[in-house]
Amino acid sequence: MKLETKLLQVSTIGDSCAVLDEAAAILRRGGLVAIPTETVYGLAADATNPAAVAAIFTAKGRPQDNPLIVHLHSAAQLPLVAREIPETVRMLAERFWPGPLTIILPKTDLIPSITSAGLDTVAVRLPSHPIAREIIRRAGVPVAAPSANLSGSPSTTTASHCLADLNGRVEAIVDGGPCTVGVESTVLSLAGKPRLLRPGAVTPEALREILPDLELDDAVVSQPAPGVRVASPGMKYKHYAPRCQVFLLDGPPERYPGWVNARAEQEPGVFALCSDEDLPLMRCPAVSLGPRQDEAAQAARLFGCLRTLDEQGAQTVYARCPQKSGMGLALYNRMARAAAFRILQI
Ligand code: TXA
Ligand code: MG
């Protein structure tokens with residue numbers, strides 16, 4: 001049966017906010033609700049309820065072997081879901097929680113195997129978004145939430161993008177305005193040697209201040225070869241893909257506008273995905289991610305821009321390749337996947 005999806009507006013985050021109680025009640029009775037977080041919108045359900053978690057996989061069309069992140073409202077809940085908690089977790093939590101860092105640890109039996117896709121680990125995160133925190137607190141259970149998009153399409157960073165993907169698939173969407181970070185959390189595995197599985201706003205440089213021996217998983221900057229076992233199952237799937245064909249252009253920054261303009265003269269439907277500084281130089285339709293040096297601003301806009309390019313009828317998109325350090329690494333990781341690793345040297 002198709003659900004009637006309600007769009008819920010939050011007026012205040014105070015105790016009397018009925019919308020937050022309504023969202024928490026949906027979670028407690030095993031339903032699905034999309035909630036804002038500081039990174040992207042999440043498609044939330046009770047992480048301890050196997051039927052509710054199964055409904056997440058169905059609503060998103062997500063492969064069953066891709067585990068979910070479990071969201072808590074307080075670090076005091078960690079022993080409920082994680083069996084072993086190394087000392088470094090306390091230091092990481094002090095510095096980065098609540099915030100866009102997910103940590104993978106050995107799991108307890110409270111987390112059913114459908115949530116962890118059969119792994120004996122659990123990915124845990126404490127979001128900083130006040131609405132997310134308050135809904136999780138009121139629900140009183142750990143909350144599983146993958147990004148609230150259809151599997152394969154760009155993650156959603158506004159309630160209207162969420163509605164476009166999930167209308168009729170969730171009971172409600174809580175509108176918390178645009179997400180400020182805009183790309184999903186950093187995923188760090190501490191279930192063995194410290195390993196970065198997905199880059200995000202908590203950068204490898206910042207993590208190395210606490211974990212000097214942090215390694216980057218190959219999937220951070222390259223495409224896993226078919227059939228190879230990957231540490232983070234999500235990284236092997238097609239991701240963030242708009243309908244248009246995206247190419248990343250890597251090379252001296254000043255070459256970008258001329259290269260794209262020349263291409264646009266030969267090919268129909270070419271768009272540039274560029275920076276503010278490029279806009280006056282472009283002679284084809286162009287969408288800007290933001291100021292060239294402001295990678296945080298670009299990350300906040302990335303998924304929205306990918307959706308805009310489709311809405312505007314782009315067929316081929318030539319995007320500026322970001323740097324592979326700091327916040328740029330998170331941008332690069334998402335853009336390279338959106339481009340199915342079509343990276344051209346110019
Ligand atoms: O910012 C975020 O993390 C958002 C918001 C909603 O919190 N959530 C999110 O979830 O991005 P999702 O499901 O789209 O991405 C979770 C990633 C996937 O790549 C998954 O494979 C990986 O984390 N993951 C989850 N549990 C894991 C585990 N136990 N071991 C390895 N990778 C895991
Ligand atoms: Mg996702």
Side-chain angles (χ1 to χ4, degrees), residues 32-45 47 53 56-57 59-73 81-83 96-108 111-129 131-133 135-136 142-157 162 165-166 174 176 179-192 195-202 217 219-220 224 229-241 299 303 330 333-334 337-338:
L32 301 183
V33 54
I35 63 171
T37 84
E38 71 281 17
T39 56
V40 298
Y41 275 71
L43 203 184
V53 172
I56 290 183
F57 285 94
K60 271 192 71 122
R62 181 174 175 111
Q64 293 271 351
D65 67 346
N66 192 2
L68 305 178
I69 296 176
V70 172
H71 298 67
L72 308 176
H73 75 88
V81 300
R83 194 172 71 230
F96 299 113
W97 278 355
L101 174 66
T102 295
I103 304 179
I104 294 172
L105 296 167
K107 78 171 191 71
T108 63
I111 299 301
S113 98
I114 186 167
T115 304
S116 64
L119 300 175
D120 66 355
T121 53
V122 62
V124 193
R125 155 162 142 77
L126 248 82
S128 63
H129 197 295
I131 294 177
R133 287 167 62 95
I135 292 172
I136 300 165
V143 170
S147 49
N149 52 288
L150 290 175
S151 197
S153 69
S155 298
T156 53
T157 50
C162 224
D165 271 24
L166 299 177
V174 180
C179 301
T180 51
V181 175
V183 292
E184 306 84 346
S185 61
T186 302
V187 178
L188 166 70
S189 175
L190 292 180
R195 179 171 282 267
L196 184 80
L197 303 184
R198 181 174 74 182
V202 174
D217 197 78
V220 170
R229 201 176 158 271
V230 287
S232 185
M235 284 294 144
K236 72 175 186 258
Y237 292 109
K238 190 170 168 229
H239 259 95
Y240 318 119
F303 291 136
N333 173 279
R334 305 313 188 277
R337 283 180 167 71

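Order of appearance sets the numbers: ligands from 1, and atoms from 1 within every ligand.
Of the possible donor and acceptor atoms, one in the side chain of Thr115 sits under 3.5 Å from a partner among the backbone N and O of Ala47. Within the 3.5 Å criterion, the main-chain N or O of Ser113 finds no donor-acceptor partner in the side chain of Lys107. Side-chain atoms of Ser155 never come within 3.5 Å of backbone atoms of Ser147 as a donor-acceptor pair (strictly under, hydrogens ignored). Side chain of Tyr41 to backbone of Asn149: no donor-acceptor contact under 3.5 angstrom is found. Judged purely by atom type and a 3.5 angstrom limit, Ser185 has no side-chain atom pairing as donor or acceptor with the backbone of Pro100. A donor-acceptor distance shorter than 3.5 angstrom exists from the side chain of Arg62 to the backbone of Pro67, with no hydrogens or angles considered.
With rounding to the nearest 0.5 Å, the separation of OG1 in Thr37 from CD1 in Ile69 is 9.5 Å. Atoms CD1 and CG, on Ile136 and Leu126 in that order, are 7.5 Å from each other to the nearest 0.5 Å. Atom SG in Cys162 sits 10.0 Å away from atom CD1 in Ile35 (nearest 0.5 Å). Here the CG atom belonging to Asp120 is positioned 13.0 Å from the CD1 atom belonging to Ile111, to the nearest 0.5 angstrom.
Protein heavy atom nearest atom 6 (C) of ligand 1, with residue, atom name and distance: Gly42 CA, 3.5 Å. The shortest contact between atom 5 (C) of ligand 1 and any protein heavy atom is with Thr39 OG1, 3.6 Å. Of all protein heavy atoms, the one lying nearest to atom 30 (N) of ligand 1 is Ile104 CD1, 3.4 Å. Nearest protein heavy-atom neighbour of atom 17 (C) of ligand 1: Arg198 NH1, 3.7 Å. Nearest protein heavy-atom neighbour of atom 27 (C) of ligand 1: Pro67 CG, 3.3 Å. Closest protein heavy atom to atom 7 (O) of ligand 1: His71 NE2, 2.6 Å. Nearest protein neighbour of atom 3 (O) of ligand 1, counting heavy atoms only, is Ser185 OG, 2.5 Å. Looking only at heavy atoms of the protein, atom 22 (C) of ligand 1 is closest to Ser232 OG, 3.3 Å.
Shown are Pro127, Pro98, Pro142; of these, the side-chain contact (heavy atoms from CB on, under 4.5 Å) with His71 is made only by Pro127.
For ligand 1, none of its N or O atoms has an N or O atom of Lys60 under 3.5 Å away. Of the polar atoms of Thr37, none of the N or O atoms is found under 3.5 Å from an N or O of ligand 1, judged by distance alone. Where the criterion is an N or O separation shorter than 3.5 Å, residue side chain and backbone included, Ser147 meets it with respect to ligand 1. Checked by distance only, ligand 1 and Arg125 come closer than 3.5 Å through their nitrogen or oxygen atoms.
In the candidate list Asp65, Val40, Ile35, Leu68, Val40 is nearest to atom 4 (C) of ligand 1, counting heavy atoms.
Assignment of Arg62 to the shell around ligand 1 is supported, since a heavy atom sits closer than 4.0 Å. Ligand 1 has no atom lying under 4.0 Å from any heavy atom of Pro127.
Contact check on Glu184 versus Arg125 returns no salt bridge, with no Lys/Arg side-chain nitrogen under 4.0 Å from an Asp/Glu carboxylate oxygen.
Residue Ala145 approaches ligand 1 through these ligand atoms, each under 4.0 Å from one of its heavy atoms: 6 (C), 8 (N), 10 (O). Near Ala123, meaning under 4.0 Å from one of its heavy atoms, ligand 1 places the atoms 25 (C), 26 (N), 27 (C). In the vicinity of Leu119, heavy-atom distances shorter than 4.0 Å reach the ligand 1 atoms 28 (C), 29 (N), 30 (N). Atoms of ligand 1 lying under 4.0 Å from any heavy atom of Asn66, numbered from 1 in the order shown and given with element: 18 (C), 20 (C), 21 (O).
Residue Ala191 does not touch ligand 1, judged by heavy-atom distances below 4.0 Å. Contacts with ligand 1 closer than 4.0 Å are made by no heavy atom of Glu38, backbone or side chain. Of the heavy atoms in Thr121, both backbone and side-chain atoms come closer than 4.0 Å to ligand 1.
None of the N, O or S atoms belonging to Ser155 lies under 2.8 Å away from the Mg ion (ligand 2).
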message: Could you go through Phe57 and Ile114, starting from their C-alpha distance and side-chain angles, then the distance that decides it, and tell me whether this counts as side-chain contact (heavy atoms from CB on, under 4.5 Å)?
response: CA-CA 10 Å; Phe57 285 94; Ile114 186 167; 4.0 Å; yes
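The shortest non-hydrogen separation linking Thr156 to Cys179 is O-SG, 4.4 Å.
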